[in-house]
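Just below is one structure, and these are the notes that go with it.
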There are 2 protein chains.
Amino acid sequence: MKFRKMGPVAKRRFKDDVYAAFARIPAAVANPHRLEILELIAQRPRTVADLAFETALSIANCSQHLQVLAKCGLVTVERRGTFAFYRTAGVNVHRLLRSLRDVAEENDLEVALAVKNHLGDRDAGISEFELVRALIADPAVALLDTRPTEEYEAGHLPRAINAPLESLKSGKLALSKAKRYVAYCRGPYCIFADEAVAYLRERGFDATRIGLSPMDWEAAGEELSRVG
Amino acid sequence: MKFRKMGPVAKRRFKDDVYAAFARIPAAVANPHRLEILELIAQRPRTVADLAFETALSIANCSQHLQVLAKCGLVTVERRGTFAFYRTAGVNVHRLLRSLRDVAEENDLEVALAVKNHLGDRDAGISEFELVRALIADPAVALLDTRPTEEYEAGHLPRAINAPLESLKSGKLALSKAKRYVAYCRGPYCIFADEAVAYLRERGFDATRIGLSPMDWEAAGEELSRVG
DNA sequence: CAAATAGTCAATATATTTCTTGAATATGAA
DNA sequence: TTCATATTCAAGAAATATATTGACTATTTG
């Protein structure tokens with residue numbers, strides 16, 4: 001079948017339909033809880049109960065949010081026994097989250113403000129992406145993945161060491177004052193890396209954070225390292 | 001000021017604040033009319049009345065939508081006399097629109113369905129982006145920008161000729177059966193290129209469409225040509 | 001089989017978003 | 001100054017989205 005000519009009224013109806021369908025994707029992402037859920041499962045797949053706990057939502061509510069996301073194809077489910085593991089649908093979803101953050105950072109002062117209100121003048125950190133490659137290559141630098149071990153295992157930056165706060169506190173990690181520590185976590189709005197940097201600095205180590213997350217790294221077309 | 005430690009309750013409040021602020025951007029884009037408005041002014045700046053006409057909205061309603069977009073920093077206004085010219089805030093906004101479309105195309109069957117319902121099996125066209133560079137370089141190919149002249153003048157693909165439907169119909173453009181015509185317009189959900197291709201094919205020309213728009217081209221970091 | 005667990009569904013009250021209407025403002029022209 | 005034009009503002013009705021509650025289904029365990 002070929003393209004069919006339309007009068008002006010048909011054209012308007014067509015456009016209305018297209019944009020209505022199209023708008024469902026931003027609508028799915030336009031809820032604070034769903035955004036948080038998305039960023040969580042972008043780190044690694046999770047069950048409904050996991051997500052409900054981490055987001056402080058009721059299980060029913062969380063399940064409903066997940067279904068909204070699934071209906072738009074933003075997340076997929078895999079059922080194993082009575083569990084439902086949700087994961088992001090693909091790298092395009094990560095790219096979408098990334099470009100939302102880019103716009104937020106460039107345009108929306110309120111996000112930055114909300115962060116400042118709580119964090120004070122957060123450590124500006126080493127800039128971004130271009131540098132990360134150099135950091136990975138630099139043997140004087142130790143990259144610290146400050147996320148929970150499960151997320152580290154699901155994919156981390158090359159050469160990064162898993163170093164969640166408890167792990168640092170336990171003293172099991174051998175740290176050196178000669179090294180330069182660069183911490184990252186789930187992204188610029190996550191505080192794991194801040195906590196780790198604060199902890200390390202108090203003890204006299206050279207520590208900085210970067211805002212880049214493994215999700216961003218992958219969205220930019222780079223490979224993540226995995227365990228096992 | 002440095003990073004300040006937070007208890008679990010403070011952390012939750014912090015996250016709620018961050019994601020609430022963050023979600024305002026997708027919320028602004030989550031309305032069909034605002035999406036259409038954004039895609040229109042991504043082509044070239046427009047006045048409120050222009051946009052109201054093109055989207056078939058009342059002027060007051062359109063103005064309100066524009067203010068929602070402006071409040072998130074997605075669009076900017078420039079006032080000249082009694083006119084208000086709205087334009088997209090920058091290339092990040094274009095990238096956001098692009099990644100929404102990517103997700104839509106990959107995941108959301110309904111958009112594709114809405115398109116199919118109205119267009120029939122639309123001409124699949126030559127694939128995408130990678131090819132466009134080759135097309136631009138190929139002297140046997142004539143790139144047709146089928147958008148209105150004002151949009152063409154605001155920025156078009158290198159070597160493209162402005163060829164809105166009326167212009168083709170008027171016969172003022174010298175066309176050759178030896179050429180291969182490749183048409184584009186505002187993007188995959190716009191029908192200008194379809195109309196041009198249909199018109200040319202009826203008359204025995206070799207014509208195809210591509211879905212790529214000048215906006216995408218720019219979002220990918222390429223330069224647009226401008227008149228004047 | 002019954003009980004426990006993980007998740008989903010359905011109904012409803014609440015909150016938010018959207019469109020319409022008509023008035024208000026602000027600029028430029030006569 | 002007066003008028004017309006382009007846009008914005010404000011209030012309210014209608015439509016939509018959200019969180020809560022409690023019931024429901026399906027799978028595993030005893």
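Each chain gets a letter, A, B and so on, in the order its sequence line appears, and its residues count up from 1.
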Residues in salt bridge (Lys or Arg N to Asp or Glu O under 4.0 Å) with B:Arg101, at least two apart?
B:Glu39, B:Asp216

With sequence neighbours excluded, what pairs up with B:Ala52 under the side-chain contact (heavy atoms from CB on, under 4.5 Å) test?
B:Ile59, B:Cys62

Indicate for each nucleotide in nucleotides 2-13 of chain D, in 5' to 3' sequence, whether protein heavy atoms under 4.0 Å reach the base (B), only the sugar-phosphate (S), or nothing (-).
----SSBBB---

Once salt bridge (Lys or Arg N to Asp or Glu O under 4.0 Å) is applied, do any residues pair with A:Arg186, and if so which ones, sequence neighbours excluded?
A:Glu54, A:Glu151

Using the test side-chain contact (heavy atoms from CB on, under 4.5 Å), find all partners of A:Ser99 that sit at least two apart in sequence or belong to another chain.
A:Leu96, B:Leu96, B:Ser99

Kindly write out the residues that satisfy ring pair (Phe, Tyr, Trp, His ring centres under 6.0 Å) with A:Tyr152, not counting sequence neighbours, or none if the list is empty.
A:His156

Partners of A:Lys11 by salt bridge (Lys or Arg N to Asp or Glu O under 4.0 Å), sequence neighbours excluded?
B:Glu195

A:Glu223: side-chain contact (heavy atoms from CB on, under 4.5 Å) partners, not counting sequence neighbours:
none

Chain B reaches DNA chain C, atoms under 4.0 Å from its heavy atoms, from C:dT18 to C:dG28

What residues form a salt bridge (Lys or Arg N to Asp or Glu O under 4.0 Å) with A:Glu78, not counting sequence neighbours?
A:Arg80, A:Arg87

Would you say A:Arg44 and A:Asp50 make side-chain contact, with heavy atoms under 4.5 Å?
yes

Short of 4.0 Å, heavy atom to strand atom, which residues of residues 27-37 of chain B count as contacting DNA chain C?
B:Asn31, B:His33, B:Arg34

Residue pairs passing the salt bridge (charged side-chain N to carboxylate O under 4.0 Å, His left out) test with at least one member in residues 154-171 of chain B, sequence neighbours excluded, are none

